[in-house]
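Note that the structure is a prediction, hence the values are computed from the model and not measured. Reminder, nothing fancy here: chain letters follow the sequence lines and each chain counts from 1.
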Amino acid sequence: MNYWLMKSEPDVFGIDDLERVGVEPWDGVRNYQARNFMRDEMKVGDKIFFYHSNCKEPGVVGIAEVASKPYPDPTQFDPDSKYHDPKSDPDDPRWMLVDVKYKRHTKRTIPLREIKDHGDALEGLQLIKRGNRLSVMPIDKQHWDYILGMEKSWNL
DNA sequence: GCCAACGTTGGC
DNA sequence: GCCAACGTTGGC
């Protein structure tokens with residue numbers, strides 16, 4: 001069992017949207033490192049922190065789960081999609097994705113601000129490394145448990 | 001809206 | 001293969 005964090009902008013597709021649709025193909029990822037995680041390492045049933053980025057209060061807002069094996073991102077072949085990639089060969093697709101399934105909202109938003117305040121316990125967490133821009137990243141089990149524990153504690 | 005950090009592109 | 005230019009991410 002692997003643990004992940006996936007970012008999404010709530011203005012575009014937030015945790016409420018995921019709850020509404022239930023399962024969502026995680027399309028539009030155009031970063032090789034993030035793709036490699038989805039293509040090579042994700043397994044059905046892996047746990048995901050759903051993270052809101054680029055918004056008023058960035059942080060973990062929910063739990064999701066990997067719901068499919070990797071398969072080619074259809075938007076790469078769609079000329080009308082903003083994710084269209086004319087250089088991708090249909091016989092050897094460049095971009096792969098997995099389906100993501102809603103599990104639940106966290107009891108509260110666990111803000112990035114607060115996660116950073118626990119930097120000692122969360123040493124090595126990619127999310128709080130300098131200049132981090134990865135939209136899909138692995139999380140150590142111990143970090144997963146620690147952050148999950150924060151959803152119930154309102155004091156720092 | 002600003003801007004630092006980072007990935008990608010393309011000329012050479 | 002180098003690296004400057006450019007575009008994007010994402011916190012603040």
Side-chain angles (χ1 to χ4, degrees), chain A residues 2-21 24-42 46-64 66 70-100 102-103 105-140 143-144 146-151 153-156:
Chain A
N2 294 313
Y3 297 85
W4 307 95
L5 181 144
M6 296 172 93
K7 296 178 182 174
S8 191
E9 302 186 19
D11 290 347
V12 180
F13 189 86
I15 187 69
D16 293 339
D17 298 303
L18 185 64
E19 179 177 26
R20 184 167 39 79
V21 300
E24 176 76 2
W26 209 252
D27 60 19
V29 171
R30 295 294 179 268
N31 170 284
Y32 289 104
Q33 236 184 311
R35 177 207 64 183
N36 292 349
F37 287 135
M38 291 198 289
R39 187 189 62 184
D40 304 332
E41 296 187 40
M42 282 196 180
D46 281 1
K47 306 278 191 194
I48 301 164
F49 276 144
F50 195 99
Y51 178 94
H52 279 174
S53 67
N54 227 337
C55 59
K56 210 159 190 182
E57 192 176 42
V60 173
V61 294
I63 313 286
V66 176
Y71 62 95
D73 182 341
T75 64
Q76 69 195 308
F77 304 123
D78 177 2
D80 294 329
S81 168
K82 67 173 193 167
Y83 301 123
H84 181 229
D85 183 354
K87 291 185 198 156
S88 182
D89 175 1
D91 293 327
D92 185 20
R94 181 179 294 190
W95 304 110
M96 305 288 280
L97 54 68
V98 296
D99 289 344
V100 168
Y102 175 83
K103 297 300 282 184
H105 283 58
T106 45
K107 293 181 173 55
R108 62 175 184 122
T109 297
I110 304 165
L112 176 63
R113 170 82 262 139
E114 221 173 291
I115 291 172
K116 282 182 171 170
D117 286 341
H118 291 252
D120 287 346
L122 297 170
E123 172 122 41
L125 183 69
Q126 297 235 19
L127 185 68
I128 55 177
K129 281 190 181 157
R130 191 180 60 103
N132 145 73
R133 282 171 43 188
L134 256 191
S135 64
V136 176
M137 68 184 76
I139 298 205
D140 292 345
H143 291 163
W144 172 278
Y146 189 91
I147 292 168
L148 206 51
M150 290 170 69
E151 86 174 315
S153 91
W154 268 257
N155 51 333
L156 295 184

**Q.** For Thr75(A), all residues meeting side chain to side chain donor-acceptor pair (under 3.5 Å), sequence neighbours excluded
**A.** Arg30(A), Asp73(A)
Q: Taking salt bridge (Lys or Arg N to Asp or Glu O under 4.0 Å) as the test, write out the residues that go with Lys47(A), two or more places apart.
A: Glu65(A)
Report each atom pair, protein N/O against N/O of nucleotides 1-9 of chain C, whose distance is under 3.5 angstrom.
{"from": "dT8(C)", "atom 1": "O2", "to": "Arg133(A)", "atom 2": "NH2", "distance (Å)": "3.3"}

Q: Run the salt-bridge test on Glu123(A) and Lys129(A) with the 4.0 Å N-O cut-off and return the result as yes or no.
A: no
Q) For Asp27(A), which residues count as a salt bridge (Lys or Arg N to Asp or Glu O under 4.0 Å) partner, sequence neighbours excluded? A) none
(Q) Which residues in residues 25-33 of chain A have a heavy atom closer than 4.0 Å to any atom of DNA chain C? (A) none
Q | side chain to side chain donor-acceptor pair (under 3.5 Å) involving Arg20(A) - partner list, sequence neighbours excluded | A | Asp17(A)
Q: Could you tell me which residues satisfy ring-ring contact (aromatic ring centres under 6.0 Å, His included) with His105(A), sequence neighbours excluded, listed by chain and number?
A: Tyr102(A)
Q.
Closest-nucleotide mapping onto DNA chain B: is Arg130(A) or Arg94(A) further toward the 5' terminus? I mean the 5' end.
A. Arg130(A)
Q. What parts of residues 120-127 of chain A reach DNA chain B, counting only heavy atoms under 4.0 Å away?
A. none
Q | Residues forming a side chain to side chain contact (heavy atoms under 4.5 Å, CB included) with Asp40(A), sequence neighbours excluded | A | Asn36(A)
Q | Trp26(A): partners by side chain to side chain donor-acceptor pair (under 3.5 Å), with sequence neighbours left out | A | none
Q: Mind jotting down which residue pairs meet the side chain to side chain donor-acceptor pair (under 3.5 Å) criterion with at least one end in residues 48-57 of chain A? Sequence neighbours excluded, please.
A: Glu9(A)-Asn54(A)
**Q.** Which nucleotide in dC12(C), dG10(B), dG11(C) has an atom nearest any side-chain atom of Arg113(A)
**A.** dC12(C)
Q: Could you state the atom-to-atom distance from NE2 of His52(A) to P of dG10(C) in whole Å?
A: 13 Å
Q. Base, sugar-phosphate alone, or nothing: which one does Lys116(A) contact when heavy atoms must sit under 4.0 Å apart?
A. sugar-phosphate
Q: Taking side chain to side chain donor-acceptor pair (under 3.5 Å) as the test, write out the residues that go with Tyr146(A), two or more places apart.
A: His118(A)
